[in-house]
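Notes for the one structure printed next.
Both ligands and their constituent atoms are indexed starting at 1 by order of listing. In what follows, every heavy atom counts, from backbone to side chain, and hydrogens, waters and symmetry copies are set aside. From a predicted model like this one, the values you see are computed outputs, not experimental measurements.
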Amino acid sequence: MTIPSKAIGIDLGTTYSCVSVFTNNRAEIIPNELGNRISPSLVAFNDSEIMVGEAAHNQMSGNVVNTIFAVKRLIGKQYSTEIKQYLRRQPYKVVGKNGSIAIQVEFKNEIRIFTPEEISAMILQKMKTSAELYLGTSVTEAVVTVPAYFNDAQRQATKDAGSIAGLNILKVLNEPTAAALAYGLSKKVNGEKYVLVYDLGGGTFDVSILKISSGGTFQVKSTSGDGYLGGEDFDNRLVDYCVKELKRKFDSDISKNPTAMRRLKVACERSKRVLSTSVQTNVTVESLFDGNDFSIQISRALFEKLCCDIFKNTIKPIEFVLEDAKLSKKQIAEVVMVGGSTRIPKIQSLVKEFFKGKSLNHSINPDEAIAQGAAIQAAMLSSYVPPNLERIVMYDLTPFSLGIETTGNKFDVVVPRKSILPNTFMREFTSAYNNHTRLSINVFEGEKTKCKDNRSLGSFILEIPPYPKGVPKIDVTFNIDGSGILTVTAKDRSSSSSGNITITRNQGGLTGKEIDKMMREFEAFQFQEKEDRDAAMLRYEIEEFVLYLKSTYDDEETEKVALSVAEIKLVNYIDSLILWMDNEPGKTKSMYQQKLDDLKELYSATSDEPPAYQP
Ligand code: AMP
């Protein structure tokens, strides 16, 4: 008997998410409440509840401004010009809060603000619940995947989302590495081979080259990608086309109507999928404009023309990773295609053409491979490592160079790009001025020589005694864990009093205190959500019971049957109960329970016989 690992793997995707667990010597996909193997990465709010996944999807067209999608494109980012540009297409409201992104919704008739971490936490929590139902036990540990080029802030924010959802994130794993793990485990590798993973999902594009050895070693050689390239962009091209045609043919402009735009986008996404297997389809939306239906024929050729520049943009990162890994096209043994968008025939033919007609590997499920890889990694990191995973060793790389600012805004690299993870790097620095007692350690990531052209990760002050310039010896240590998350410490060698200082993250990142607060709020929300659900179930039970009793006593009244004292008591109680149900505000689960108990008691008192109705 194999002991199932209770650590799960979650592919937290831009448009869909997927959860898997390693059990019975393989990574099994865990279905959601509807039996589907992937769930929409959607969170919706209304006047009474928060809906996640399928439930959010089902109500989306009637509640577009409060349905949050593609939050992965926002996580770990600042409220920048780039983000504002991207958000112009989104129907939901995003505001800046101290430079950070804040998502504004109407929930329980109040305006509420949520961070991208909190929205992601709701999706992760939903995945966790599906896993708990499937495994019949609580789940507290997970590996969550991110695109390989996610920077420190995006990784940390994803990890924070896990903490808010009550998950201990064992590792933030790169998506192509996860896909390679799933691929490698399903194949027998003799000797060593280079595998290129082409991962085109809903919102992000990732390409990596890995060296897989027969002993079970996975080594990432190079990685590249684009955080703003994916299936959603193809949907948008189709939407833009339809909007133009609507204007041209019917002189109707729906671009300012978020509900119509969202409904059109859903129809376009559906048609895009059809075009992967058919050469022609219709985009059809009922009552789209002025009560009129909209239908337009789209051919595969037209779709390809509309998206051809974006399709071609996926080739450059392939060239880059090959060059970076110093490999020729010929040296790539397999091109593994993952991500839902790799089902598009034109994408397949472009990649095939680039590799001079080489067949592409579609042996792993493009929607599920990343979650499976994450589950394999989760099992490898859990206390019980399944025997067939014991030999696997994995080396991942840092996607960017990391370093600190020195005189003249110079970027002094401490951790070169493509360093193997996890790792610790130490460099000695000194002061540039006499009697400098407050050294500012400014940490950056990027490849440019000037700090102003790279991304700032944070800074801290190290207090030292006054020295002549060049005398102090400051050891700056960069520690990057297996998830690619960085901690920087600095220590003055002669004055041990300063001790170590851990980097404080820039605005945008959550502090430990904020995470704790969000966790408590999240727990309260979960409790409230359960309370609300239970209350709704009890209300339903009462309504069913009342309906049954009303029909019985209405019949007896028409037949003029004399009622007993107990029956009169019950009928009166039912009348007062209906009034209470319709009018009393703020009804809670315990109030409903009390009413149902009273109703059952009065009903049993009407007969010595056992009750005919068993709710
Ligand atoms: P992923 O992030 O890997 O789940 O991929 C989701 C993206 O794949 C979405 O943009 C989907 O619209 C897209 N997708 C899924 N199936 C197909 C298909 N058959 N043809 C084209 N795109 C698809």
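Looking from atom 4 (O) of ligand 1 to the surrounding protein, the closest heavy atom is Tyr16 CB, 3.8 Å. For atom 23 (C) of ligand 1, the closest non-hydrogen atom on the protein side is Gly340 O, 3.3 Å. Summary of contacts: the protein heavy atom closest to atom 6 (C) of ligand 1 is Thr15 OG1, 3.3 Å. Nearest protein heavy-atom neighbour of atom 16 (N) of ligand 1: Arg343 NH1, 3.2 Å.
Heavy-atom separations between Thr14 and ligand 1 are all 4.0 Å or longer. The shortest heavy-atom distance from Gly201 to ligand 1 is under 4.0 Å.
A salt bridge is absent between Lys247 and Glu245; no separation between the charged side-chain nitrogens and carboxylate oxygens falls under 4.0 Å. The pair Glu117-Lys72 does not count as a salt bridge, with every side-chain nitrogen at least 4.0 angstrom from each carboxylate oxygen.
Using a 4.0 Å cut-off between heavy atoms, Ser276 contacts ligand 1 through its side chain alone, with no backbone atom that close. At a heavy-atom cutoff of 4.0 Å, ligand 1 is contacted by both the backbone and the side chain of Arg273.
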| request: Given side chain to side chain contact (heavy atoms under 4.5 Å, CB included), test Val52 with Met127 step by step and report yes or no. | output: CA-CA 10 Å; Val52 184; Met127 299 281 121; over 6 Å; no
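Each of Asp481, Asn174, Asp160 was scored for a side-chain hydrogen bond (donor to acceptor under 3.5 Å, both in side chains) with Arg155, with one residue passing: Asn174.
Aromatic ring orientation, Phe234 versus Phe303: perpendicular (interplanar angle above 60°, classes split at 30° and 60°). A perpendicular orientation is assigned to the rings of Phe289 and Phe294, their planes being inclined by more than 60° (bins at 30° and 60°).
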